[in-house]
Every structure is written in structure tokens, then in C-alpha cells.
Amino acid sequence: MNNLFSHIIKGDNRSVKAKKNILYSFVFKAIDAIVYFLIVPVTLGYLDKYSYGIWLTLNSILLWINTFDAGLGNGMRNCLTVSLAKGDDERSRIYISTTYFLMSVIAIGAYTIFLVLSGFIDWYSLFNVNSDVVPNLVEVIRYSFLFFCLSFVLRLIGSIYMALQLPSVNYLLMAAGHLLSLLVILALRFSGTEGNLLWVGIAYSASPCVIYFLSCLVTFGFLYVKLRPSFHLIKIKDYSGQLLNVGVNFFIIQISSLIFFSMSNVVISQLFGPDSVTPFNISNRYMAIILMAQNIVMAPIWSAVTDAHARGDDDWIRRSLLKVRKVTLLFGLVLLLMLAVSPVVYKVWIGDAVEIPFLLSSLMCLYTFILIWSVAHSSFLNGLNIMRLQLTINVAEAVVFLPLSVLFGRMWGLEGLVIAMILTNLPAMISNSVQVGRIINHTAKGIWLK
């Protein structure tokens, strides 16, 4: 423990801050995982399986909607990190104020469109729900969407803490929101009232809003008063273009990734049947544990790179890249260990219900390593705000993957689809690595600098 503590406090302030946040992030993410594990049986204890299945379907759609912020959160994060590095508090407040305004406009517009269209949609047919079992489905959807729109705006506080190089606070807020949901559903369960999908929907969607709202009050009222947003600092004409230009790149990459991952399940279901989706997702989720761990490690690096670049500290970026590559290779060794013990893990986890071929797990292991190596370098590119090549390749991946997955799936089955995933992601892995290397060594030209 003493060795761990001495390692954490060793180095420059930026590195120490990053290491502390990585440690805290793992703690908060672990708490969040435990809460998420508990919330499933607790909710099932309050609702029946039919109603719970409806909520899972609705929640998955709402989570998709939460991504449609035009990349403003990440755009503000990069712009804010630069202004903070330069000590320009007024510009920082302008970025925050303008982004909150733009996000509010998007949220209000989205909810208005929803209310108009909602009257023309037969929600019961859309979700294939029996109106006798769930008579208040329309209310559930209306209130859930309302709170998700509110969260759309309020969760910007997480991006602000990312810009402050405190990503662990963002993980803390996420865990607190889920914990509050769990406590509310526990209270509902032991209140003796009959299971009600509406209350569950409100508990899930409103709880994060409460946490984010309280964190805004604490942040702007006490901790970072100098960053408090203000109406008179909303500068749409002068700053919205800058925020959107940065944000749209993130948005397109985000949507391309969502399309890529969503298509996998659709292709599997169409080619091999819905039952084949299960082994694919189980092996993917198992290996994705490493991806989650790496995302926690990389969370503070992104904004730290932006800060270092704004201050002209190229040596720190170069040293950090070397460390990140070593950590990623270590994660690769852990992936091999996970692959070796995967048959035992699957046996304990799911029993004999689903058979996971070792070849499928092996290919998923390789795919996951390609992904974490690519993400490790894209975090540096994101921090440097150099995204043109990355964006182009991501869009190309989304376009190429569908025909390639169908072709390989028909040739080699489920394993063929994973091979398509591997081949589709290889260009990004190679280009991200080469591009970061060229930028660090000041040899990048043309597209490599965009």
C-alpha cells in the first residue's frame, strides 16, 4: 500500500492528478457496478418480468437519444480545458454559459417535437405491449423522456469536471445517480404498494437529474464560483460555431461507433437467428471488461493532453504516450489470461445454458485488443483536437462493416462476423498509432495534422 501511495504522489502535478483520478475512478466505477448488479433483482422484486422487459426496451432507446447532443459536451470539454490552462476565466464562463444554452434549446426542441409526434404514435403497438397489463405506458414514456431531456442538459457538469481533469467526479455523479435510483426502488418495494412501471421509470430517469442538479448548485455555488454560468455571458454568434465545429467531429465519430456496434446484433439475428446473439454478446461483454478498465485509465489523459498542449509541454505528452502504450500492452496480457480461463468463467457465470466456442472467444480477445490500442491513441488525438483522419476512417468503418459482416458471416458463421469486426477496425488501430507518433515527433504533414 505504501508503494502504491508513493507511486501515485511521484511525478509532476499533472501526472499526479491523473493517477489519483484513475484510482478514484476505479473505486467509483466498482461501486457503480455493484449498484447496477443489485438494481436488477430489486427492480424485478417490485415489477413483474413483463413490465421490467418493457422498461429495459424503453431505457435502451432513451440512452440512444442521450447521445444526440451534437457533440457539444465534448466540444465544450476541449475548449474549456484550453481556456482553463490559459487562466482565462471569462472565456471559460462564456463556453459554459453558451453550451448550457445550446443544450437547453436542443432539449426543449426535442421534447416539443416528442409531444407533437406522440399523439400520432400507437405506443402499445410499437412496443408490442398489452394495454391491460400496462395501462399507463404513455405516461411512463412521457415522464421518462422529460427527465431524460433534463438530464441531457444537467449532465454537462460531468464534462466540466472532465475539463478540470477530474473525471473521477463524473464517475462519482454517475454512481450516485444509480444509487439514488436503487434506494427509491427499494423504498417502493417495501412500501407495500403494487408494482408500478411509472414509478420505476421516474426513479430511473429522475434520480440522475437530482444528483446532477445538486452537483451544479455545489459546483457553481461553492467549489468553482469563477466558472458559474450567466445569461449575459451567452455568446451564440461568436462562440457557438467554435463549440459546434469541435463538437460535430465527436458527434459523427460517436454515431458511427453506435451504428457499428448496433449493426452487429442485427446482422447476427438476421443471419443466424436471435439465439446466436446471446453467445456473441456474452463473449463480447466478458472481454469488454478490459475496455472498461482502459477507458477509466484514459479518462484523465484526454483533458491532460489538451492542457499540456495548450501550455506547450510536449515532453509530458511524449512521456505519457509511452506509459499509455505500456499499460495497453499489460491489458493485452490480461486479455490473454482472461481467454485462458474463459471456459471456467463461462461455466460459473452462465452454467450450461449457452455454449461459447473457444474460437469465438479467441477472436473476440483479438478484436478487443485492437480496440483498446486504437482507443489509447485516439484519446491523444481527441485531446490535441486533431480528428479529421480519425473521423474519416470511423465513417468508412460503419459503411464497410455491413457488407463485410454479411459476406464473412455467410462464409464462416458467427466467427466470420467477428473477423469482419477485426478487419474493419485494423485501419483505425494502425492510423491512430502512426498519426500520434508523427505528431509527437513533429513529422506530421497534410492529413496527419488535421
Side-chain angles (χ1 to χ4, degrees), residues 3-4 7-8 10-23 25-26 29 78 81 162 165 167-168 253 257 287-339 364-387 389-391 393-394 397 421-445 447-449:
N3 289 336
L4 176 62
H7 176 71
I8 290 174
K10 182 181 179 180
D12 58 89
N13 290 335
R14 191 185 295 113
S15 299
V16 171
K17 192 174 186 178
K19 286 185 282 188
K20 285 182 177 179
N21 271 273
I22 290 171
L23 178 61
S25 295
F26 270 110
K29 197 66 180 177
N78 271 21
T81 303
M162 289 285 197
Q165 300 176 59
S168 58
I253 290 174
S257 299
M287 296 298 174
I289 294 172
I290 292 298
L291 182 60
M292 182 189 72
Q294 196 222 26
N295 284 336
I296 293 174
V297 171
M298 295 308 302
I301 300 297
W302 175 338
S303 292
V305 168
T306 307
D307 178 85
H309 183 62
R311 299 175 190 271
D313 193 351
D314 292 342
D315 287 338
W316 185 89
I317 298 176
R318 193 175 291 106
R319 292 196 308 271
S320 297
L321 176 62
L322 181 60
K323 292 177 182 177
V324 165
R325 284 176 170 172
K326 288 179 179 178
V327 170
T328 306
L329 289 174
L330 179 60
F331 279 145
L333 293 176
V334 176
L335 274 170
L336 290 176
L337 178 61
M338 290 175 63
L339 175 63
M364 196 65 75
C365 176
L366 176 58
Y367 163 72
T368 305
F369 179 75
I370 290 172
L371 207 58
I372 63 173
W373 187 266
S374 180
V375 169
H377 293 83
S378 67
S379 294
F380 281 83
L381 295 174
N382 294 342
L384 294 168
N385 201 27
I386 296 176
M387 304 178 63
L389 182 60
Q390 186 185 173
L391 184 151
I393 291 176
N394 270 265
E397 285 179 353
M421 292 167 62
I422 291 170
L423 294 178
T424 306
N425 278 274
L426 266 176
M429 174 194 178
I430 296 169
S431 67
N432 288 350
S433 182
V434 172
Q435 187 175 18
V436 171
R438 288 190 175 188
I439 292 170
I440 294 298
N441 295 320
H442 302 289
T443 58
K445 297 179 181 178
I447 188 66
W448 299 102
L449 269 177

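Rounding to the nearest 0.5 angstrom, the gap separating the CG atom in Leu335 from the CG atom in Leu330 is 10.0 Å. Of the inter-residue distances, the one linking Thr328 atom OG1 with Ile290 atom CD1 reads 11.0 Å to the nearest 0.5 angstrom. Atoms OG and CG, from Ser168 and Leu23 in turn, are 9.0 Å apart once rounded to the nearest 0.5 Å. Here CD1 of Ile422 is found 8.5 Å from CE of Met364. Values are rounded to the nearest 0.5 Å. Rounded to the nearest 0.5 angstrom, Cys365 SG and Leu339 CG are separated by 5.0 Å. We find the CG-OG1 distance between Asn394 and Thr424 to be 11.5 Å, quoted to the nearest 0.5 Å.
Closest approach of Ile372 and Gly332 over heavy atoms only: CD1-N, 4.5 Å. Shown here for Ala293 and Phe26, the closest heavy-atom pair between the two residues is O-CZ, 3.7 Å. Nearest approach of Pro167 to Ser25, heavy atoms of both residues: C-OG, 4.2 Å. What you find for Arg318 and Ile440 is that their closest heavy atoms are NH2-O, 3.0 Å. Of all non-hydrogen atoms in Gln294 and Ala376, the two that sit nearest each other are NE2-CB, 3.3 Å. The nearest pair of heavy atoms linking Gly383 to Thr306 is O-OG1, 2.7 Å.
Remark: the backbone N or O of Gln390 is not paired with any side-chain donor or acceptor of Asn432 at under 3.5 angstrom. Under the 3.5 Å distance criterion, the side-chain polar atoms of Ser378 are matched with a main-chain donor or acceptor of Val375. Within the 3.5 Å criterion, the main-chain N or O of Tyr367 finds no donor-acceptor partner in the side chain of Asn425. With hydrogens and angles disregarded, a donor-acceptor distance shorter than 3.5 Å links the side chain of Gln435 to the backbone of Trp448.
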Note to self: Applying salt bridge (Lys or Arg N to Asp or Glu O under 4.0 Å) to Asp307 and Arg311, what does each step give before you reach the verdict?
What the structure shows: CA-CA 6 Å; Asp307 178 85; Arg311 299 175 190 271; 3.0 Å; yes

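In this structure, Val324 and Trp373 have side chains that are not in contact, with every pair of non-hydrogen atoms separated by 4.5 Å or more. Using a 4.5 Å heavy-atom threshold, the side chains of Trp316 and His309 count as separate. Taking 4.5 Å as the limit, some side-chain heavy atom of Leu426 sits within range of a side-chain heavy atom of Met429. Side-chain contact between Lys445 and Arg438: absent, with no pair of heavy atoms (C-beta onward) separated by less than 4.5 Å. The shortest distance between side-chain heavy atoms of Leu384 and Ile317 falls below 4.5 Å. Looking only at side-chain heavy atoms (C-beta outward), Val297 and Phe331 come within less than 4.5 Å of each other.
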